[in-house]
Protein chains: 2
Amino acid sequence: MTVDAVVFGYSRMDGVSLLLIKRKYDPFKGSWAIPGGFVLDDESLEDAVERELQEETGLRINYLEQLYTFGKPERDPRSRIVSVAYFGLVKSTQFQKLRATTDAEEAAWFTFKKLPKLAFDHKKILNVSIERLRGKITYQPIGFELLDKKFPFSDLEHLYGSLLGRPIDRRNFKKKVMSMGILDELDEKAKSTGAGRPGSLFQFNKATYDRLLKNGMHFEI
Amino acid sequence: MTVDAVVFGYSRMDGVSLLLIKRKYDPFKGSWAIPGGFVLDDESLEDAVERELQEETGLRINYLEQLYTFGKPERDPRSRIVSVAYFGLVKSTQFQKLRATTDAEEAAWFTFKKLPKLAFDHKKILNVSIERLRGKITYQPIGFELLDKKFPFSDLEHLYGSLLGRPIDRRNFKKKVMSMGILDELDEKAKSTGAGRPGSLFQFNKATYDRLLKNGMHFEI
DNA sequence: GTTAATTGTGTACATATAACGCAAATATAA
DNA sequence: TTATATTTGCGTTATATGTACACAATTAAC
């Protein structure tokens, strides 16, 4: 009985990225793999995920949700091992932390375009996970879990664009998101990132979202 | 490691119903419970579900999908047992079969309004399952899996009405479903069920649905 | 043949989505 | 300092979709 955690991060530079670790032990020693490990007898599945992630990558995840349970008898060469996969999101601040220290370490971020070969059936787990993320982001506001607490609107726009894999009309997108009333526009301006006009910072208003949700509101992008 | 199967059925009389078994052994001997049992070492999770269902109820399910994995350490009084819950749908023909033979047996159908107290954390599993069924039926045509191969349109209408728990405008509903082109209207008429004008029979066209899906069509009711 | 139950159909209105272009603010290079 | 490239920010119109709503036709039972 193991748990695996498919963890996504986001940065303006690279877009959406995946957290992987390099395995220290056989089987698949030296291969890149999704972080995870065995569940202890007295801990819940969620606790196991958070513990393994902490041990292997030092990261604190921001959002965690059960993805799927993989149980084909032959999926692990050692013996019958059933794995409950979770999928998690981290704030882009955390993303940068790991990034600065792990180039030569055992944990690193990978963009979808530069994925290494993965151990076990982790490629399949990843595919299910990407599909879920893509699907979910259109009807639950989980995109915010990938951004900083305060972010320029363009971050949100680029996140959705890269995740959905299709161009987004900025005007219609903004109109829609703002009309839901779950984004607060702050007085601060983003600090310039090179070229162009700096925009306002925005912040997700979870309290408002929860209230709307309770009243039967239907989020959809 | 166990699997559990939350199986739904539908009949014109009772609407949507849930399949339960009466436990023969401790713990919870004599209680009603969701069918399920231990996974054998060399079988997949899906195989385990189908085997257990066959053993305990004799039913063949028509649609099976993994629901959620429940792993709280204290959920089973015997020891740490993780259970992968599936959710399944059976055709209303099958529904009637079981119904005719099991009144005094160990397996039976229950409407949501007349549910007995359930063993283990099965009430929680059921709740997750109902939520999933409700949510899914609006964006995937799984409702057909509960009906006969051929059915009068009113069956579909009643199924959606009772499942979504809100009245459905027959004209708008029919307009929408028919405009998707995934329902074929047959030449046969339904045989009368007591009173009223008999309507045409309809049939789900899975081939068309798959084709539309591949072309990026978006099912939603 | 009268009644009660059910099926079957169309139109007008409101709402939501999609398409589209240009001006303002900033950094950098000339 | 001026020109250029880059990014933000905004509003209108056309189209599509969803919603509300009423009455005639067919059958079984009485």
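Order of the sequence lines sets the chain letters (A, B, ...), proteins ahead of strands, with each chain counted from 1.
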Separation of B/D155 atom CG from C/dG8 atom P, in whole Å? 12 Å
Take the protein atom CE of B/M180 and the nucleotide atom P of D/dT17, then report the distance between them rounded to whole Å. 12 Å
Whole angstroms only, please: what is the CD1-P distance between A/I168 and C/dC20? 17 Å
Are A/D148 and A/K150 ion-paired here, with the side-chain N under 4.0 Å from a carboxylate O? no
How many Å lie between NZ on A/K176 and P on C/dA16, as a whole number? 10 Å
Is any side-chain nitrogen or oxygen of A/S154 closer than 4.0 Å to OP1 or OP2 of D/dT7? no
Pi-cation contact, B/F153 with B/K174 (under 6.0 Å, within 45°): yes
Grab the CZ-P distance between A/F173 and D/dC10 for me, whole Å please. 15 Å
Take atom CZ of A/R166 and atom P of C/dT17, then tell me their distance rounded to the nearest Å. 13 Å
With ring centroids as reference points, do B/F70 and B/Y68 lie under 6.0 angstrom apart? yes
Residues two or more places apart in sequence or in another chain: which of them pass side-chain contact (heavy atoms from CB on, under 4.5 Å) with A/E185? A/S200, A/F202
Look at B/S200 and C/dT7 and indicate whether a side-chain polar atom (N or O) is within less than 4.0 Å of OP1 or OP2. no
More 5' along DNA chain C: A/P198 or B/F202, using each one's nearest nucleotide? B/F202
Can a donor-acceptor pair be found, under 3.5 Å and without considering hydrogens, that links the side chain of A/R132 to the backbone of A/L67? yes
Between CD of B/E157 and P of C/dG8 the distance, given in whole Å, is 10 Å
So, B/D210 and B/K206, do they make that salt bridge, N to O below 4.0 Å? yes
Atom-pair distance (CE on B/M178; P on C/dG8), nearest Å: 10 Å
For nucleotides 9-15 of chain C, list the nitrogen or oxygen atoms of the protein found under 3.5 Å from its nitrogen or oxygen atoms, one pair per line.
residue: C/dT11; atom: O4; partner: B/K175; partner atom: NZ; Å: 3.0

Shortest side-chain distance from B/R197, nucleotide among D/dT27, C/dT7, C/dT26: C/dT7
Looking only at heavy atoms, the pair that brings B/V7 and B/W109 closest together is O-CZ3, 3.8 Å
